[in-house]
Amino acid sequence: LIPEWNDLLYKGEWKAANDRLHATNNFPEITGRICPAPCEHGCVLNINQEPVTIRENEVAITEKAFAEGYIKPNPPMTRTGKKVAVIGSGPAGMAAADLLNKSGHTVTLYEKDERAGGLLRFGIPDFKLSKAVVERRLSLMEQEGVQIITGVHIGKNVPLAEIIDNHD
């Protein structure tokens, strides 16, 4: 949907651009900072002029959306009654927990380290991805109903059977 949200941005429709961007990207404020953006090099505009700055546009749209209050906690209206454990709070775990929560499941995100975020927190330098950006997104997920439990190394200090028993 890149052409769509870029067009909305071009027209100054920031809220609509944010909504369209989030339709296919859980964390554009993160991807806009860390993605190597091969799509920019593949942009047809790159033939004769500068390509569209997709990464920068993602960050600009999302940061304005946070500043203007367009992005706020939006917990699911109803819960399915199903409980899900997501083990590992890196980008994939965060995305899985976010989507499962939005689908109405009760989600617990487990992390072995003392803070959630996995690679985003411990593998990417702060100059590339501020940990405040990661914290802001994790906080939003918690406000939407995702429970985040850190310091739990499944199979080491907590048996897998215990996690399964708690998520039947």
Side-chain angles (χ1 to χ4, degrees), residues 1-47 49-77 84 86-111 113 115-150:
L1 306 177
I2 294 168
E4 293 175 28
W5 54 257
N6 265 318
D7 186 53
L8 290 165
L9 176 62
Y10 173 76
K11 293 175 181 173
E13 298 177 29
W14 290 86
K15 184 175 185 323
N18 178 66
D19 293 343
R20 205 70 190 135
L21 176 56
H22 274 88
T24 58
N25 188 336
N26 297 58
F27 317 123
E29 74 277 15
I30 295 172
T31 57
R33 287 176 165 90
I34 64 172
C35 178
C39 54
E40 290 182 14
H41 302 291
C43 178
V44 295
L45 291 176
N46 204 23
I47 296 169
Q49 52 189 321
E50 291 295 313
V52 174
T53 56
I54 296 166
R55 291 177 48 201
E56 289 83 357
N57 290 355
E58 278 183 325
V59 172
I61 290 167
T62 311
E63 289 305 320
K64 180 157 177 105
F66 272 111
E68 296 293 326
Y70 304 149
I71 298 174
K72 54 186 171 244
N74 187 22
M77 298 292 283
V84 181
V86 176
I87 300 171
S89 68
M94 285 175 61
D98 187 51
L99 291 172
L100 288 162
N101 183 60
K102 283 177 172 39
S103 294
H105 306 307
T106 300
V107 180
T108 305
L109 181 60
Y110 291 95
E111 173 55 50
D113 290 315
R115 305 287 299 271
L119 175 71
L120 301 175
R121 178 179 303 283
F122 298 111
I124 299 173
D126 213 40
F127 72 86
K128 183 80 171 158
L129 177 63
S130 168
K131 302 318 167 235
V133 171
V134 177
E135 277 299 318
R136 179 177 63 188
R137 183 54 73 166
L138 287 165
S139 175
L140 183 66
M141 289 172 61
E142 285 181 306
Q143 292 172 59
E144 292 176 336
V146 175
Q147 182 181 14
I148 300 173
I149 300 177
T150 59

Is a donor on one side and an acceptor on the other found under 3.5 Å between the side chain of [X] and the backbone of [Y]?
X    : Y    : value
E111 : G88  : no
R137 : V133 : no
S89  : G117 : yes
N25  : F27  : yes

Nearest-0.5 Å distance, [atom1] of residue [X] to [atom2] of residue [Y]:
X    : Y    : atom1 : atom2 : result
D7   : L1   : CG    : CG    : 12.5 Å
E56  : I61  : CD    : CD1   : 11.5 Å
L100 : T108 : CG    : OG1   : 11.0 Å
D19  : E13  : CG    : CD    : 11.0 Å
L8   : E4   : CG    : CD    : 7.5 Å
Y110 : I149 : OH    : CD1   : 4.5 Å

>> Could you walk me through whether H22 and I71 satisfy the side-chain contact (heavy atoms from CB on, under 4.5 Å) test, starting with their C-alpha distance in whole Å, then the side-chain angles of each, then the deciding distance to 0.1 Å, before giving a yes or no?
In response: CA-CA 10 Å; H22 274 88; I71 298 174; 3.6 Å; yes
For the residue pair [X] and [Y], establish whether any side-chain heavy-atom pair is separated by less than 4.5 Å.
X    : Y    : value
E68  : W14  : no
T106 : V84  : no
P91  : L119 : yes
V146 : D98  : no

Considering all heavy atoms of both residues, which atom of [X] and which atom of [Y] are nearest to each other, and what is their separation?
X    : Y    : answer
A97  : L109 : CB-CD1, 4.2 Å
M94  : L120 : SD-CD1, 3.8 Å
A116 : T150 : N-CG2, 3.8 Å
N18  : T62  : OD1-CA, 4.3 Å
N26  : A95  : ND2-O, 3.7 Å

>> Which residues pass the salt bridge (Lys or Arg N to Asp or Glu O under 4.0 Å) test with K72, not counting sequence neighbours?
In response: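 By the salt bridge (Lys or Arg N to Asp or Glu O under 4.0 Å) rule, K72 matches no residue at all.
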>> Test: side-chain hydrogen bond (donor to acceptor under 3.5 Å, both in side chains). Region: residues 120-132. Which pairs qualify, not counting sequence neighbours?
In response: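 Pairs touching residues 120-132 that pass the test: R121-E135.
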> Would you say the side chains of H105 and N101 form a donor-acceptor pair under 3.5 Å?
Replying inline: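 Absent: no donor and acceptor within the cut-off.
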> Is the CZ atom of F122 crowded by more than 12 outside heavy atoms at less than 6.0 Å?
Replying inline: yes
>> Can you tell whether the side chains of E144 and K102 come within less than 4.0 Å, N to carboxylate O?
In response: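 A salt bridge links E144 with K102.
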> Would R33 and E63 pass as an ion pair if we require N to O under 4.0 Å?
Replying inline: yes
> Of all residues at least two apart in sequence or in a different chain, which pass the side chain to side chain donor-acceptor pair (under 3.5 Å) check with T24?
Replying inline: none
> Run the side-chain contact (heavy atoms from CB on, under 4.5 Å) check on T31 and E58 step by step: do they pass?
Replying inline: CA-CA 8 Å; T31 57; E58 278 183 325; 3.4 Å; yes
